[in-house]
Q: 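My questions will all concern the structure given below.
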Amino acid sequence: MLFLMLMSMTMLVSCSGGGPEGVAKKFLELTNKGEFEKAKEYCDKDTAALIGMMESMAKNKAEEMKDKDVKIVIISSEVNEEGDKAKVTYKSIEEDQKEEDAKESQLDLIKVDGDWKVTIDKENMKKEE
């Protein structure tokens, strides 16, 4: 019975968009549209600082980014045993791209004060480039 209750709660949280998948998708959608200020709400403090640096470097591309149609597809997510870290696998599909041609990427999330937040360190950022 306890297991069923726990599974039901997990499903409710992940379906409500508050789970790691929902947070990752919203963060990725916002950054792809160049809405860095809003994206900062979905990441931890250190990642927000990195996003701020990205924002200043991409100011001249922000308008171009807003017009780009990028679809985010969440493939899977894994939460560690402690329930405080997650890894979300996704694809960013550009308007003229087929889903099967899009590269899979991963995004790390951690729980901060009970909420899922994207966490990116400088080393991981370099791997993605």
Side-chain angles (χ1 to χ4, degrees):
M1 186 71 157
L2 181 61
F3 177 74
L4 287 174
M5 285 176 49
L6 184 59
M7 290 303 294
S8 297
M9 293 290 284
T10 303
M11 292 296 288
L12 282 172
V13 169
S14 56
C15 291
S16 69
E21 301 91 351
V23 171
K25 186 170 186 171
K26 190 66 178 169
F27 173 81
L28 292 165
E29 289 171 344
L30 289 168
T31 54
N32 278 314
K33 291 289 184 188
E35 297 181 28
F36 300 111
E37 200 58 42
K38 289 181 186 176
K40 289 178 190 178
E41 297 172 22
Y42 295 90
C43 55
D44 65 9
K45 189 171 64 172
D46 292 338
T47 303
L50 286 173
I51 297 297
M53 288 176 15
M54 282 176 51
E55 182 178 22
S56 64
M57 292 188 305
K59 277 195 189 243
N60 57 347
K61 291 186 177 184
E63 212 47 52
E64 180 184 317
M65 292 173 79
K66 286 180 183 176
D67 295 334
K68 232 178 177 185
D69 187 25
V70 178
K71 179 181 173 189
I72 304 298
V73 176
I74 303 297
I75 297 166
S76 66
S77 69
E78 295 177 32
V79 177
N80 70 349
E81 287 183 22
E82 292 81 20
D84 62 350
K85 293 181 183 176
K87 190 172 291 283
V88 175
T89 303
Y90 68 94
K91 287 185 178 185
S92 294
I93 306 162
E94 299 197 17
E95 45 195 304
D96 296 332
Q97 188 178 33
K98 293 179 183 174
E99 185 171 340
E100 57 269 12
D101 294 336
K103 184 182 114 183
E104 283 188 15
S105 298
Q106 290 188 323
L107 197 59
D108 293 321
L109 291 92
I110 58 171
K111 276 217 175 159
V112 177
D113 298 328
D115 294 324
W116 286 107
K117 300 287 183 178
V118 172
T119 184
I120 301 172
D121 61 30
K122 289 179 185 177
E123 282 184 32
N124 288 340
M125 208 169 175
K126 287 179 184 173
K127 288 180 194 173
E128 290 292 318
E129 292 175 351

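No experiment lies behind these values; they were computed from the predicted model shown.
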Q: Any chance you could measure E100, atom CD, to K98, atom NZ, to the nearest 0.5 Å?
A: 6.0 Å

Q: Just by modelled atom types, is the A39 backbone N or O under 3.5 Å from a matching donor or acceptor in the K26 side chain?
A: no

Q: Please name the pair of heavy atoms, one in M54 and one in F36, separated by the smallest distance, quoted to 0.1 Å.
A: CE-CE2, 3.8 Å

Q: Roughly how far, to the nearest 0.5 Å, is the OH atom of Y90 from the CD1 atom of I74?
A: 8.5 Å

Q: Donor-acceptor pairs under 3.5 angstrom involving side-chain atoms of residues 80-87: please list them, not counting sequence neighbours.
A:
| unit_1 | atom_1 | unit_2 | atom_2 | d |
| --- | --- | --- | --- | --- |
| N80 | OD1 | G83 | N | 2.9 |
| N80 | OD1 | D84 | N | 3.0 |
| N80 | OD1 | K85 | N | 3.1 |
| N80 | ND2 | E82 | OE1 | 3.1 |
| N80 | ND2 | D84 | OD1 | 2.7 |
| K87 | NZ | D108 | OD1 | 2.7 |

Q: Over all heavy atoms of both residues, which pair between V23 and Y42 is shortest? Give the atoms and the distance, please.
A: CG1-O, 3.8 Å

Q: For side chain to side chain contact (heavy atoms under 4.5 Å, CB included), just list the numbers for D46 and T119, CA-CA rounded to whole Å, side-chain angles, deciding distance to a tenth of an Å, and then say yes or no.
A: CA-CA 8 Å; D46 292 338; T119 184; over 6 Å; no

Q: List in chain and number order the residues that pass salt bridge (charged side-chain N to carboxylate O under 4.0 Å, His left out) with E78, two or more places apart in sequence or in another chain; answer none if no residue qualifies.
A: none

Q: Is the shortest side-chain heavy-atom distance between V73 and I93 below 4.5 Å?
A: yes

Q: Under the side-chain hydrogen bond (donor to acceptor under 3.5 Å, both in side chains) rule, collect the residues that match up with T31, sequence neighbours excluded.
A: none

Q: Sequence neighbours excluded, which residues qualify as salt bridge (charged side-chain N to carboxylate O under 4.0 Å, His left out) partners of E37?
A: K40

Q: When you compare the side chain of E104 with that of I75, does any pair of heavy atoms fall below 4.5 Å?
A: yes

Q: Would you check if V112 and I110 make a side-chain contact, meaning some heavy-atom pair closer than 4.5 Å?
A: yes

Q: So, using side-chain hydrogen bond (donor to acceptor under 3.5 Å, both in side chains) as the criterion, who are the partners of S77 when residues are at least two apart?
A: E21

Q: Where is the tightest heavy-atom contact between I120 and T47, given as atom of each residue plus distance?
A: N-OG1, 2.7 Å

Q: Can you find a pair of side-chain heavy atoms, one from S76 and one from V88, that are under 4.5 Å apart?
A: no

Q: I'd like to check K103 versus K91 (side-chain heavy atoms, cut-off strictly below 4.5 Å). Are they in contact?
A: no

Q: Output all residues satisfying side-chain hydrogen bond (donor to acceptor under 3.5 Å, both in side chains) with N32, sequence neighbours left out; order by chain, then residue number.
A: none

Q: Looking at every non-hydrogen atom in both residues, tell me the closest pair between S92 and I72 and how far apart they are.
A: OG-CD1, 3.4 Å

Q: How long is the gap from NZ on K117 to CG on D44, to the nearest 0.5 Å?
A: 9.0 Å

